[in-house]
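Only one structure is covered here, and it is reproduced in the block below.
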Amino acid sequence: MTLLFKVDNDRGLAWKNLFQRHAPDIDVRLWPDIGNPEEIRYLATWQPPPDVHLLLPNLQAIFATSAGVDQFDLSCLPPRVEVVRMLDPGIAQAIVEYACFAVLALHRKMPGYLAQQRQRQWHVQPWVAAHQQRVGVMGLGNLGMAVLDRLRAFGFNLKGWARSAKQIDAVECFAGTQQLPQFLGQCDILICLLPLTQDTRGILNASTLAALPRGAKLINLGRGAHLIEADLLLALDSGHLEHAVLDVLNDEPPAANHPFWLHSGIWLTPHIGAMTQPETAFEVLLANIRRHQQGQAMIGTIDRTMGY
Ligand code: GLV
C-alpha cells in the first residue's frame, strides 16, 4: 500500500518516520520522488499537483493535511477518489487557543488599551462582565464545538449558527439563511469558523456586517474568501464595527500596500490559527487508512455535494 505525501520537506520527513516506526507495511513516498505513480493509492497534501487523477491513475483517497478542503477542485476528481478532511486533535486545540486569545483580548478591550499605552494614557474603560458579552460562532463542526466548549467556562453568553439546526448545551443556536440576521444581531463578538463553500463565500459582507450590533468585533479563523475585505474596511471606518482579528486573508501574504497592514482596527496574523502537526495527526491518518483497507467508512470523508 503506497501513500504519497506532498508537503514541505521537514514535515514530510516527520510523517515518513512515524509511518516507518508504527506502520512499516505502508510504503511512504515524498513528493516529488513518487516512483511508479500507478502504485500510489493514497495522497496526503494541502495543495494537490495539477491533474492529480491523471498523474495518479489508481488513487483512491486524498487526505487533506488541513481542516479545510476548499483548495481542492472537487469537480476534477473522479468519484472513486474519496476526499478526507484532517480531524487532527492538534488542530482543534490550536484553534481553541487562538479563538480564546482573541475573544479574551477583545472582551478585555486590549486593542484600545494598547493604543492608549502608545499615547501614555492611563484610563480605565467601562467594565463588561463575561455574561454580558455575547459571543457567536459561525460554523458548528468539530472546531466550532471545541471553541464553544472552552468559551463556556468563561461564562460568556454564547450563540451558534450553522447551516442545519444544532442543539448545544448552554448555546443559543440558529440555523440557515433565514435565522442568520437574528443570530448576527446578537453577536458582540463574532467568530467565523465556517468551511469555505459556494454558500459561504463572501458571507461576511456589507449586509451581514451591518446586521451585527454597533461596536461589534469580528474574528475570522475560516478563510479569507469568507470576508469581503472592502466591506470590512467600510464597517470599521464608519465605526459600526470596532475591531477585527484576522488570521486569514484573500491573498496570503497581502500586498505591501494592502490597507489592513496598518489599520488601527485590525490585528493581522499570518494564518497561524492551526497547523497540522504530524505528531498529533498521525494516529488519525493511520486509523483512516486502516479503515479504508478494511472497507470501512473513513472519518472526515467530505460530502462532495456540500463541499465539506
Ligand atoms: C488551515 O487553515 C486548515 O484548514 O487546517
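These figures come from a predicted structure and were not determined experimentally. One-based numbering, in listed order, for ligands and for the atoms of each.
- Nearest heavy-atom pair, Leu143 versus Ala67, reported as atom, atom and distance to 0.1 Å: CD1-CB, 4.1 Å.
- The existence of a salt bridge linking Arg29 and Glu39 is confirmed by a sub-4.0 Å separation between a basic side-chain nitrogen and an acidic carboxylate oxygen.
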N/O to N/O under 3.5 Å, ligand 1 against protein:
{"residue": "ligand 1", "atom": "2 (O)", "partner": "Arg223", "partner atom": "NH1", "Å": "2.8"}
{"residue": "ligand 1", "atom": "2 (O)", "partner": "Arg223", "partner atom": "NH2", "Å": "3.4"}
{"residue": "ligand 1", "atom": "2 (O)", "partner": "His271", "partner atom": "NE2", "Å": "2.6"}
{"residue": "ligand 1", "atom": "4 (O)", "partner": "Ala67", "partner atom": "N", "Å": "3.1"}
{"residue": "ligand 1", "atom": "4 (O)", "partner": "Gly68", "partner atom": "N", "Å": "2.9"}
{"residue": "ligand 1", "atom": "4 (O)", "partner": "Arg223", "partner atom": "NH2", "Å": "2.6"}
{"residue": "ligand 1", "atom": "5 (O)", "partner": "Ala67", "partner atom": "N", "Å": "2.7"}

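- The ring pair (Phe, Tyr, Trp, His ring centres under 6.0 Å) check on His292 picks up Tyr42, with sequence neighbours excluded.
- Taking the ring centroids of Phe5 and Trp15, they lie under the 6.0 Å cut-off.
- Ion pairing of Asp188 with Lys217 is absent here, as no side-chain N (NZ or NE/NH1/NH2) approaches a carboxylate O to less than 4.0 Å.
- Each of Phe101, Phe156, Phe154 was evaluated against His107; a single residue qualifies, Phe156, per the ring pair (Phe, Tyr, Trp, His ring centres under 6.0 Å) test.
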